[in-house]
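When reading the values below, keep in mind they use all heavy atoms of this one structure, side chains included, and skip hydrogens, waters and symmetry mates. It should be emphasised that the depicted structure is a prediction, and the values quoted were computed from it without experimental measurement.
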Amino acid sequence: GPQAYSIIASGIGGNVYCTSASANSADSRIDKVVLNTISNTLPNTCRSYSDFKSITTSLEVGKTYPFVVSLGTCGIVQNKFAKIFVDWNGDGDFDDTGETVATSALIAGNSDFAGNITVPANVVINNTTVMRIVTSEVASADLVLACGNYTKGETQDYTINFTKPANDVGIIAFNNFQDNICETNGLNFSVRIKNYGSNIVSNIPVTLTLSNNSTIIKTITQNYTGTL
């Protein structure tokens with residue numbers, strides 16, 4: 001007779017990204033990728049897609065990082081373009097504003113594509129996402145897409161984890177502050193500051209600007225010499 005069974009599914013979840021690969025693995029390829037702690041040198045083989053999502057680097061919110069993508073060939077040297085895409089909001093695509101993070105000029109030989117990537121301030125701390133690098137033998141950079149097949153080149157995927165800034169101190173309260181301060185008033189005030197980052201910090205500059213609408217009356221800067 002009929003029997004009851006239970007199914008337990010594990011390891012499910014996460015985003016399934018669109019595929020990207022060259023139809024022909026001859027010629028242009030990605031030889032090396034450097035970004036923060038990623039330094040991935042590839043073997044002398046022909047490739048169309050390389051899944052390096054097991055290689056992870058942690059990037060701080062709001063920080064700018066230099067990158068270098070070394071482009072080579074396993075056949076004839078051809079003209080090519082390259083792009084880097086990052087799924088900043090983790091919604092499983094590279095379609096949102098700002099997710100095409102770097103675009104190369106025409107690369108006529110085997111050379112480096114270098115630049116900087118700035119992590120947006122609104123990414124979610126501790127989230128992980130995918131960075132995709134695509135190089136393709138096309139006529140213009142507009143034809144290098146995050147998804148789909150192309151004639152020759154290579155796609156590589158990596159994983160990025162977002163962390164809070166290591167150095168991040170902010171003001172959390174004003175003490176003894178009053179509105180409608182007259183020029184003849186004497187006023188003592190203080191501020192409370194907090195270390196939101198992961199590094200211990202000291203000698204912290206604190207600046208107060210007094211203004212009348214858009215007119216700046218006085219700017220005061222003092223250093224907090226303690227340690228947070």
Side-chain angles (χ1 to χ4, degrees), residues 9-22 25 28-72 74 80-104 107 112-136 141 144-150 153-168 196-199:
S10 63
I12 62 174
N15 294 315
V16 178
Y17 287 87
C18 60
T19 59
S20 173
S22 63
S25 63
S28 297
R29 68 186 184 193
I30 300 169
D31 282 348
K32 186 175 182 178
V33 174
V34 176
L35 172 67
N36 197 32
T37 58
I38 295 175
S39 182
N40 188 30
T41 301
L42 282 297
N44 186 22
T45 57
C46 297
R47 302 172 297 272
S48 59
Y49 171 75
S50 298
D51 185 356
F52 293 119
K53 291 194 292 293
S54 61
I55 299 177
T56 302
T57 192
S58 294
L59 304 183
E60 293 180 22
V61 174
K63 190 172 180 178
T64 298
Y65 294 86
F67 70 84
V68 179
V69 178
S70 300
L71 302 173
C74 64
K80 50 196 163 286
F81 291 88
K83 284 185 180 179
I84 301 177
F85 307 89
V86 178
D87 180 19
W88 294 124
N89 60 2
D91 65 348
D93 61 52
F94 305 100
D95 299 334
D96 301 290
T97 301
E99 293 191 337
T100 302
V101 299
T103 302
S104 77
I107 300 170
D112 290 343
F113 166 36
N116 294 292
I117 295 175
T118 299
V119 182
N122 61 347
V123 298
V124 179
I125 292 173
N126 295 326
N127 270 13
T128 59
T129 194
V130 170
M131 176 180 70
R132 174 165 290 179
I133 306 171
V134 182
T135 185
S136 180
V144 180
L145 305 176
C147 301
N149 293 329
Y150 47 94
E154 185 185 2
T155 298
Q156 294 185 4
D157 284 344
Y158 296 84
T159 297
I160 290 176
N161 177 58
F162 301 128
T163 61
K164 66 181 181 179
N167 297 313
D168 185 12
Y196 294 96
S198 56
N199 285 347

Do you know which two heavy atoms are closest between Ile30 and Glu154, and how far apart they sit?
-> N-OE1, 2.8 Å
Does Val119 reach the side chain of Lys63, with side-chain heavy atoms less than 4.5 Å apart?
-> no
About how many Å separate CG of Asn44 and CZ of Arg29, when rounded to the nearest 0.5 Å?
-> 4.5 Å
If only atom types and distance count, is the side chain of Ser22 paired as donor or acceptor with the main-chain N or O of Gly153 below 3.5 Å?
-> yes
After noting the C-alpha distance and the side-chain angles of Ser39 and Lys32, does the key distance pass the side chain to side chain contact (heavy atoms under 4.5 Å, CB included) rule?
-> CA-CA 7 Å; Ser39 182; Lys32 186 175 182 178; 3.6 Å; yes
From the list Asn89, Leu59, Val61, side chain to side chain contact (heavy atoms under 4.5 Å, CB included) with Val123 holds only for Val61
Do Gln156 and Val33 have side chains that get closer than 4.5 Å, going by heavy atoms?
-> yes
NZ (Lys53) with more than 12 external heavy atoms under 6.0 Å | yes
For Lys164 and Glu60, the nearest pair of non-hydrogen atoms, with its separation, is O-CG, 3.9 Å
Do Thr155 and Tyr150 have side-chain atoms, one donor and one acceptor, less than 3.5 Å apart?
-> yes
Please examine the side chains of Ile84 and Met131, heavy atoms only from C-beta on, and report whether any two atoms are closer than 4.5 Å.
-> yes
Worked check of side chain to side chain contact (heavy atoms under 4.5 Å, CB included) between Tyr49 and Asp157 = CA-CA 8 Å; Tyr49 171 75; Asp157 284 344; 2.9 Å; yes
Distance (rounded to the nearest 0.5 Å) between Lys80 NZ and Leu71 CG = 6.0 Å
How long is the span from the SG atom in Cys74 to the CZ atom in Arg47, to the nearest 0.5 Å?
-> 7.5 Å
Test ring-ring contact (aromatic ring centres under 6.0 Å, His included) applied to Phe81 and Phe113, step by step | CA-CA 9 Å; Phe81 291 88; Phe113 166 36; over 10 Å; no
Determine the minimum heavy-atom distance between Ser58 and Asn36, stating which atoms define it.
-> O-ND2, 2.8 Å
Nearest heavy-atom contact between Asn116 and Pro66 is OD1-CA, 3.4 Å
Parallel, tilted or perpendicular: which describes the rings of Phe94 and Phe85, with under 30° parallel and over 60° perpendicular?
-> tilted
What distance separates Cys147 SG from Asp93 CG, expressed to the nearest 0.5 Å?
-> 8.0 Å
Take Tyr158 and Thr57, measure what side chain to side chain contact (heavy atoms under 4.5 Å, CB included) needs, and give me the verdict at the end.
-> CA-CA 8 Å; Tyr158 296 84; Thr57 192; over 6 Å; no
Run through Asn127, Thr129, Asp95, Ile160 and flag the one making a side chain to side chain contact (heavy atoms under 4.5 Å, CB included) with Asp87.
-> Thr129
Residues Ala141 and Ser104: closest non-hydrogen pair is CB-O, 4.2 Å
Identify the heavy atoms of Thr118 and Trp88 that sit nearest to each other, and give their distance.
-> O-CZ2, 3.8 Å
Quick one: does Asn40's side chain get under 4.5 Å of Ile55's, heavy atoms only?
-> yes
